[in-house]
Amino acid sequence: MAQIRLVKLRKEFGRVVAVNDLSLEIRDGEFIALLGPSGCGKTTTLLMIAGIYRPTRGEIYFDDVLINEVPPKDRHIGLVFQSYALYPHMTVYQNIAFPLRLAKRPKREIDKKVREVASLTQIEELLDRMPSQLSGGQQQRVALCRALVKEPEVLLLDEPLSNLDARLRIETRAEIKRLQQELGITTILVTHDQVEAMTMAERIAVLHQGILQQYSPPNELYDNPRNLFVASFIGDPPMNLVRVSYEIKNGRPYLVAGELAIPLSSEWAQRIERTAEKEFILGIRPEDMELLLKEQIFAFPGKVILIEPLGSGVLAHICAGQVRFRVLVSREKQTWLGDRVWVQPKLEKLHLFLLDGQSIREFPNA
Amino acid sequence: MGRSTRRLRAGTVRWIRWQERVVKVLFYSFLFITALPLIVGYLWLFSNSFSETLIYSLIPERLTLKNWSFLWRPPSPYYPSLWRTFGNTLVLALGMVVTVVGISTPAAYALSRMKFPGRFGLLAGTLILHSFPGITLLISLYYVLRTLGLLNNVIGVFLVKAGLMMPFAIWVMKGFFDSIPWDVECAALVDGATRFQTWYKVMLPQVKPGIGAVSVFAFLSGWSEYIYVITFVQDKRSWTLSSYVNSIIGDYRFLDYGLLAATGLFYMLPVLLFFLFAQKYLLRVSIGGTKGGR
């Protein structure tokens with residue numbers, strides 16, 4: 001097993017900077033995810049770790065050994081591609097055995113290992129088939145087997161689930177996580193799907209335009225997004241974001257957006273005053289607000305304009321002043337179209353960002 | 001009312017079917033008429049080679065194998081042994097296959113997958129060479145071959161032919177390589193293969209249809225070569241079948257049509273057989289090598 005360290009890793013394609021001075025540490029046996037929208041540099045990073053791309057600058061260490069110049073075949077990695085990249089002219093068995101055959105292992109050992117890893121992912125009965133005769137999920141397992149059979153120190157997964165249908169994705173998600181825990185391989189998952197990253201990884205590195213935005217465990221990422229990008233990217237349905245200004249009315253602190261005025265607690269007022277700013281972007285997650293039928297402290301009035309049933313709950317669109325909020329309501333708590341309601345945000349769950357996107361929690365002394 | 005519309009509809013359907021049939025008949029008659037000269041040609045060749053005389057120059061009369069006697073005995077002392085000539089033709093055609101496939105496959109891989117200075121120039125250059133009429137090179141090539149001592153030798157001919165065919169072959173093979181996703185190649189590299197092993201064990205098996213197609217084309221072009229053979233090869237011992245057939249026409253004597261038909265048919269037979277087996281590959285190339293890899 002291996003611990004991985006990226007130091008100021010940079011990759012440029014012509015003038016485009018795909019990965020911008022990325023520094024990251026991955027502990028031995030850890031499962032991390034590189035998460036970001038397409039084009040954020042996550043796959044480029046993965047392929048640099050695999051040794052397929054050469055970094056423009058920066059260093060990659062496996063267990064404190066600099067491996068920038070080590071060819072892919074000597075890095076002891078297993079790689080699963082989004083397209084699975086099975087060898088179409090070989091049977092499943094030959095596909096899985098290929099890495100071992102190249103390593104010139106004895107035939108008996110190859111056979112034993114192929115069957116072992118095939119039973120791990122329950123594809124023993126597919127060994128004689130050709131890849132073209134397999135379903136997407138089966139191909140995915142074969143690709144995983146091929147990556148695991150040489151007992152790699154690092155497992156790299158490039159969007160391994162995105163070609164599977166929704167149900168299979170949930171099953172495979174759990175299965176990959178189980179395998180990773182069983183084998184204890186340091187694993188890097190590249191994905192654009194936050195649910196995948198949240199459910200599988202111990203830590204998530206969010207990338208945007210080649211720059212690392214935040215590197216935290218899933219819950220931390222969700223509860224304390226360090227900037228506006230992470231806040232808006234993580235969470236489904238997404239966080240409500242409103243441009244507000246901080247004002248004192250009648251001696252009480254408010255966040256104001258047009259006609260809407262959200263009353264604040266004194267702790268928030270203190271925190272905000274320390275930044276010495278007046279304009280902010282307010283973020284509230286849909287589940288961090290409550291709908292009330294009568295006025296209460298720290299609540300603001302609004303009107304229900306749209307109801308979206310989600311099965312487990314209801315997503316209510318609320319219009320307050322010129323601002324629209326999405327609020328997640330439990331099914332028991334019925335609301336109807338056109339209802340006048342009071343929206344009470346959970347104050348401790350508010351997120352405030354400076355206009356440059358930085359969270360004020362990150363602000364010195366805030 | 002419902003019944004009358006139904007009857008009307010049935011009538012319309014019948015009318016449409018009839019129209020379709022007429023169109024089909026016209027279509028096939030047109031194709032048949034345009035193909036007729038070819039069909040008559042083949043028919044003439046076939047019946048002429050097996051008969052002493054022809055009625056209306058098409059229907060055989062008095063069947064005979066006399067025309068085919070060249071298979072075991074030269075028609076006159078003037079001719080070299082048929083089987084030696086046949087062998088030369090085979091060497092020429094197979095030489096083409098080996099040279100063209102052997103060079104175009106690695107070249108196409110490099111052009112498809114690697115970045116190197118002059119790559120674009122090379123691609124453009126091969127295209128220009130492809131549109132270059134080979135006949136204009138006849139005299140200069142003669143000098144080159146004479147200097148190299150390759151005159152009167154089929155090796156010289158297939159080297160020239162292979163060179164002229166290379167652009168086409170490289171472009172076809174490049175199309176096949178282009179259709180293989182990068183991922184598969186990267187996977188092989190990660191799995192522990194060297195660049196060469198990747199090429200040999202993972203890429204080559206996937207471009208087999210392309211290799212097949214290029215081989216067929218190279219074989220046919222070598223087998224049917226005429227102009228370079230009669231220009232560069234005078235020595236009868238190095239003749240190929242095309243010079244053999246040519247000499248039957250070009251000899252200053254009474255033209256034996258029976259013999260001409262028989263040798264022509266003999267010359268054509270391997271090509272026809274080849275075509276039957278290789279149709280699949282040939283079609284794939286003409287559809288476009290780009291997506292033919294699968």
Side-chain angles (χ1 to χ4, degrees), chain A residues 13-14 43 46-54 70-91 94-105 130-132 139 142-160 163, chain B residues 101 105-106 108-110 112-120 172-215 280-281 284 287-294:
Chain A
F13 294 106
T43 298
L46 193 83
L47 292 181
M48 281 194 281
I49 296 172
I52 287 162
Y53 285 162
R54 186 187 293 262
V70 177
K73 70 189 184 72
D74 300 324
R75 292 193 182 193
H76 306 292
I77 49 176
L79 177 51
V80 176
F81 289 89
Q82 177 174 9
S83 62
Y84 314 137
L86 300 178
Y87 310 124
H89 58 292
M90 299 183 193
T91 63
Q94 288 167 331
N95 260 283
I96 301 173
F98 189 67
L100 300 179
R101 290 238 313 273
L102 286 172
K104 302 215 161 59
R105 302 277 184 80
M130 298 304 279
S132 57
Q139 289 187 24
V142 176
L144 195 62
C145 281
R146 191 179 62 183
L148 289 175
V149 74
K150 56 190 160 173
E151 293 163 6
E153 294 183 359
V154 177
L155 181 62
L156 306 175
L157 307 169
D158 184 9
E159 307 253 6
N163 287 349
Chain B
V101 170
T105 312
Y109 174 73
S112 165
R113 285 298 207 252
M114 293 173 182
K115 256 195 232 164
F116 51 88
R119 177 178 175 274
F120 181 77
V172 170
M173 288 309 296
K174 181 179 172 296
F176 278 92
F177 278 117
D178 285 346
S179 71
I180 302 176
W182 271 100
D183 285 1
V184 176
E185 206 174 342
C186 294
L189 288 175
V190 171
D191 279 348
T194 61
R195 195 86 204 222
F196 181 76
Q197 282 174 321
T198 306
W199 181 73
Y200 181 71
K201 290 192 169 167
V202 174
M203 302 297 276
L204 272 196
Q206 292 187 65
V207 296
K208 262 188 200 155
I211 294 177
V214 167
S215 307
K280 196 173 71 181
Y281 292 126
R284 240 188 248 195
I287 289 165
T290 42
K291 276 291 156 201
R294 290 296 89 130

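Residue numbers begin at 1 in each chain, while the letters A, B, ... track the order of the sequences. Since we're looking at a predicted model, the values are computed, not measured.
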Calculate, to the nearest 0.5 Å, the distance between atoms [atom1] and [atom2] belonging to [X] and [Y] respectively.
X	Y	atom1	atom2	answer
B:Lys201	A:Gln94	NZ	CD	11.5 Å
A:Leu102	B:Thr198	CG	OG1	8.0 Å
B:Asp191	A:Ile96	CG	CD1	11.0 Å
B:Glu185	A:Tyr87	CD	OH	10.5 Å

Who among A:Pro71, A:Pro72, A:Pro99, A:Ser83 has the most heavy-atom pairs with chain B under 4.5 Å?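 Most heavy-atom pairs under 4.5 Å with chain B: A:Pro99.
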Would you say that more than 12 heavy atoms from the other residues, nucleotides or ligands in this model lie under 6.0 Å from the CZ of B:Phe120, or not?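 Open: at most 12 neighbouring heavy atoms sit under 6.0 Å from CZ of B:Phe120.
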Please determine whether the number of non-hydrogen atoms from other residues, nucleotides or ligands lying under 6.0 Å from atom OH of B:Tyr200 exceeds 12.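 Open: at most 12 neighbouring heavy atoms sit under 6.0 Å from OH of B:Tyr200.
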Are A:Arg75 and B:Val190 packed together at the side-chain level, in the sense that at least one heavy-atom pair is separated by less than 4.5 angstrom?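 A side-chain contact is absent here, since even the closest heavy-atom pair is not under 4.5 Å.
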Is there a side-chain contact between B:Val202 and A:Phe98 in this structure, where contact means two heavy atoms from C-beta onward sitting under 4.5 Å apart?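 Answer yes - side chains close enough.
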Please classify the contact between A:Leu156 and chain B as side chain, backbone, both or neither, with a heavy-atom cut-off of under 4.5 Å.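 It is neither, since no heavy atom gets under 4.5 Å.
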A:Ile77, part contacting chain B, at a heavy-atom distance under 4.5 Å: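 Contact with chain B is through both the backbone and side chain of A:Ile77.
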Taking all heavy atoms of A:Lys73 and all of B:Thr194, pick out the closest pair and write down the distance.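 Of all heavy-atom pairs spanning A:Lys73 and B:Thr194, the closest is CE-CG2, 3.8 Å.
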Just by distance, do the side chain of A:His89 and the backbone of B:Val207 share a donor-acceptor pair under 3.5 Å?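 Checking the backbone N and O of B:Val207 against the side chain of A:His89, no donor-acceptor pair under 3.5 Å is found.
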